[in-house]
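By convention in this document, chain letters (A, B, ...) are assigned in the order of the sequence lines, proteins followed by strands, and residues within each chain are numbered from 1. Only this structure's heavy atoms are used, side chains among them; waters, hydrogens and symmetry mates stay out.
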There are 2 protein chains.
Amino acid sequence: MATSAPELSARAREIVQTARELLESEGPEALSMRRIAAALGIKAPSLYKHLADKQALEAALTSDAFDEISRVFADANDLAAIAAAYRGYATAHPHLYRLMTAGPLDRERLEPGVEDRAGAAIVAAVGGDEQRARAAWAFAHGMTILELDGRFPPGADLDAAWAAGIAAFDSG
Amino acid sequence: MATSAPELSARAREIVQTARELLESEGPEALSMRRIAAALGIKAPSLYKHLADKQALEAALTSDAFDEISRVFADANDLAAIAAAYRGYATAHPHLYRLMTAGPLDRERLEPGVEDRAGAAIVAAVGGDEQRARAAWAFAHGMTILELDGRFPPGADLDAAWAAGIAAFDSG
DNA sequence: GTCTATACCCGGATAGAC
DNA sequence: GTCTATCCGGGTATAGAC
């Protein structure tokens, strides 16, 4: 059976918090054990007394982000509202959003349930249909990551593109 | 005015081809100048006689991929067909697809027109509406990258999720 | 709990000889 | 057009002293 992430000590949580501030303010290259340690005024090897390895740190950051997204979803009842919440969270925390969505998800190291809670809010917002929920999530993630990466043509009206997609899922 | 990518010499094209084979068969970690050179039986510094830097190599790979996608789109007239072509190309070339879609696009180093040609096919497939085209592209990219990264729940019926999204964009 | 020292890996890129 | 030698940077992680 898969064991999940161990509880973090108070000191470990400080490290995670510092790592997050670095990530959000300076981007993913800043998320190195040396840089995090330096920001705390210690040396990199000391971190390993508190966290098993870097993956544990990333899992903690990702679990936190899932939690926060679920909270942001709480007030949203329809697709337009949840899309706005999704886009708003990602735009406010672009580097964190990329960290939590890029590449495989190390589910065994996440806090149990965080992924499902975020997903359940999307399913509810589209009226309970899982297939439509997955498609709508893909739309939202696609819009978000293409927007964050500057992939749309310069000058594209992204509000209008979001609205077009939301209209499609609302009526389809 | 922005100058675009210089023509590649025949030897440079050989290097790009070798790089592509490495990328597709072994993944992005294999796309290093040392590994590419080794695969060609030469040393890494020699590559710089043929290509300015690694970005030039990546731009060539990306331009080729855009070209190929445009070609795959050529036979597709409606949204379902173009979505199937998109998904099929990405699934057949996952590492290349990630390379061409992840992060910012270095437009000045691409072959001129390759991005627009691929985009135009999507616009045509949704009937000419740019906003719907962007939303549909976001849906397709989102589905694709989440699928490639194993982000959907294990056992999720992705054919059904694709169909749900296509239906939404067809009717909405 | 922190330190120093270190081991090990990797990467892109340049200078100058041949 | 290729080579050797080298420079620069980076990273995760461990051992063992304090």
N-O pairing of A/Arg107 and A/Asp116 below 4.0 Å:
no
What is the distance, to the nearest angstrom, from the OH atom on B/Tyr48 to the P atom on C/dG16?
18 Å
Nearest whole angstrom, please: distance from the C1' of D/dC3 to the NE2 of B/His50.
12 Å
Does B/Arg34 contact C/dG11 through a side-chain donor or acceptor facing the base, at a distance under 3.5 Å?
yes
Is any side-chain N of the basic residue among B/Arg134 and A/Asp157 closer than 4.0 Å to the acidic one's carboxylate O?
no
How do A/Pro45 and B/Gln55 order along DNA chain C: which one's closest nucleotide is nearer the 5' end?
A/Pro45
Quick one: do A/Glu14 and A/Arg11 make a salt bridge, cutoff under 4.0 Å?
yes
Lys/Arg-Asp/Glu bridge criterion (N-O < 4.0 Å) met for B/Arg117, B/Asp67
yes
Whole-Å distance, A/Lys43 NZ to D/dG11 C1', equals 17 Å
Counting just side-chain N and O atoms, does A/Ser46 come under 4.0 Å of either OP1 or OP2 of C/dG1?
no
Just to confirm, is there a sub-4.0 Å distance from OP1 or OP2 of C/dC10 to any side-chain nitrogen or oxygen of B/Arg35?
no
If you check the B/Asp53 side chain, which of D/dG11, D/dT2, C/dA13 turns out closest?
C/dA13
Nearest-Å distance for atom pair CG/P, residues A/Leu47 and C/dT4:
14 Å
Euclidean distance, atom CD1 of residue B/Ile15 to atom C1' of D/dG1 [Å, nearest integer]
10 Å
Measure from the side-chain heavy atoms of B/Lys54 and tell me the nearest of D/dC3, C/dA13, D/dT2.
C/dA13
Please state how far atom CD1 in B/Ile36 lies from atom P in C/dG11, giving the value in whole angstrom units.
10 Å
Rounded to whole angstroms, how far apart are CD1 on A/Ile42 and P on C/dT2?
5 Å
Most 5' of A/Glu29 and A/Lys49 on DNA chain D, judged by nearest nucleotide:
A/Glu29
